[in-house]
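Have a look at the structure below before the remarks.
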Amino acid sequence: YRGLEAHALNGLGVVLAVKGEYEDAIAVIRSSISVDREIGERLYLGRKLSNIGQLYKELGDVDRCIEFLGHALKVFEHVHDDLALADALNSLAEVVLEEREDVDRASVHLDRARVISQRTQDPYDSSRERIMRAAIHRQAGEFDEAELCCREGWEIAREAGIVSQGLQA
C-alpha cells in the first residue's frame, strides 16, 4: 500500500505543477520520495527528482534545478534507465546552456546524451540532442553547423512523428 501512496502523492504533485502551484508540487513530490525511500523503491525516484529539478527551474532557482537533475542522473545510472538518463542529460545541458551560458558543460552533457541516444535509438532524445547542439553552434556563431544540427533534429522528429520537437528545430 505504501507504493500506492507514493504513486498517488506523485500524481497530486504533477496536477499541482500543471496548475502552476510549483512550490506545493515540490512539497508533495518530496513526500512521495520519502515514501519511496522507506520502501526501497528506486525506479521512480529518478523521475521524481528530475521533475523537482524542472519545477525549481520554473521557479527561477537554477542552482536547485541543477542539483536535483544531478541527483536524478545518479539514480538513472544506478537503475540503468538509459532513456531517462539521456532525457535528464539533455535537460541538464539545456539548463546550463540557457541559464549559465556554460557551453563546455552543456557539450559534455550532450556528448553523453548522444552516445546513449545512439545506443537506444530513441528518436525523442536524439532529436532533442541535435536541437540543443544547434543552439551551441548558433551561440558560437557557427551558423552552418547550427543549421545542419537543426535539420538533423527536425528530420529525426519528423520521421518519428514528434511534432513538438519538429517545431523546436
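Side-chain contacts under 4.5 Å among hydrophobic residues (ILVMFWY), followed directly or transitively, place Phe143 with no other residue at all. Other members of the cluster containing Val115 do not exist, because no ILVMFWY side chain is joined to it at under 4.5 Å. Members clustered with Leu16: Leu9, Leu12, Val28, Val35, by chain and number, using a 4.5 Å side-chain heavy-atom cutoff among hydrophobic residues.
Taking both residues in full, the closest heavy atoms of Lys48 and Ala6 are given as NZ-O, 3.8 Å, listed atom of the first, atom of the second, then distance. In terms of heavy atoms, Ala72 sits closest to Gly46 at CB-O, 3.4 Å. In terms of heavy-atom proximity, Leu69 sits nearest to Ser50 at CD2-OG, 3.5 Å.
Looking at Ser127, its side chain never comes within 3.5 Å of a backbone N or O of Pro123 through a donor-acceptor pair. When atom types are taken as modelled, the side chain of Ser126 and the backbone of Asp122 share a donor-acceptor pair closer than 3.5 angstrom. Of the possible donor and acceptor atoms, one in the side chain of Gln121 sits under 3.5 Å from a partner among the backbone N and O of Gln118.
Taking NE2 from His137 and OG from Ser107, the interatomic distance works out to 8.0 Å, rounded to the nearest 0.5 Å. Summarising the geometry, atom CD belonging to Glu129 is positioned 13.0 Å from atom OH belonging to Tyr124; distances are rounded to the nearest 0.5 Å. Rounding to the nearest 0.5 Å places CG of Asp81 at 11.5 Å from CG of Leu73. Rounded to the nearest 0.5 angstrom, Ile52 CD1 and Cys65 SG are separated by 11.5 Å.
Among residues two or more places apart in sequence or in another chain, the salt bridge (charged side-chain N to carboxylate O under 4.0 Å, His left out) test is passed with Asp111 by Arg133. Here Arg2 pairs with Glu5, Glu38 under the salt bridge (charged side-chain N to carboxylate O under 4.0 Å, His left out) rule; sequence neighbours left out. Every residue two or more places apart in sequence or in another chain that forms a side-chain hydrogen bond (donor to acceptor under 3.5 Å, both in side chains) with Asp63 is listed here: Arg100. The side-chain hydrogen bond (donor to acceptor under 3.5 Å, both in side chains) test applied to Asp82 returns Arg119, not counting sequence neighbours. For Glu155, the side-chain hydrogen bond (donor to acceptor under 3.5 Å, both in side chains) partners at least two apart in sequence or on another chain are Arg158. Residues that satisfy the salt bridge (charged side-chain N to carboxylate O under 4.0 Å, His left out) test with Arg105, not counting sequence neighbours, are absent from this structure. Glu23 pairs by the salt bridge (charged side-chain N to carboxylate O under 4.0 Å, His left out) definition with nothing, not counting sequence neighbours.
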Using residues 85-96 as the side-chain source, report each donor-acceptor pair under 3.5 Å to any protein atom, sequence neighbours left out, with the distance given to one decimal.
residue	atom	partner	partner atom	Å
Asp87	OD1	Arg128	NH1	2.7
Asn90	ND2	Ala86	O	3.3
Asn90	ND2	Asp125	O	3.4
Ser91	OG	Gln54	NE2	3.3
Ser91	OG	Asp87	O	3.1
Ser91	OG	Arg128	NH1	3.3
Ser91	OG	Arg128	NH2	2.9
Glu94	OE1	Arg128	NH2	3.1

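Between Asn10 and Asp36, every side-chain heavy-atom pair lies at or beyond the 4.5 Å cut-off. With contacts defined as side-chain heavy-atom distances shorter than 4.5 Å, the pair Val79/Leu45 does not qualify. Between Glu98 and Lys57, some side-chain heavy-atom pair lies under the 4.5 Å cut-off. Taking 4.5 Å as the limit, some side-chain heavy atom of Arg130 sits within range of a side-chain heavy atom of Arg114. Side-chain atoms of Ile131 and Cys150, non-hydrogen and from C-beta on, never get closer than 4.5 Å to each other.
Sequence neighbours left out, the pairs with a member in residues 66-97 that pass ring-ring contact (aromatic ring centres under 6.0 Å, His included) are Tyr56-Phe68, Phe68-His71.
With hydrophobic clusters built from ILVMFWY side chains whose heavy atoms lie under 4.5 angstrom apart, Leu110 shares a cluster with Val103. Residue Ile116 is not grouped with residue Val75 when hydrophobic side chains (ILVMFWY) are merged at heavy-atom distances under 4.5 angstrom, including chains of intermediate members.
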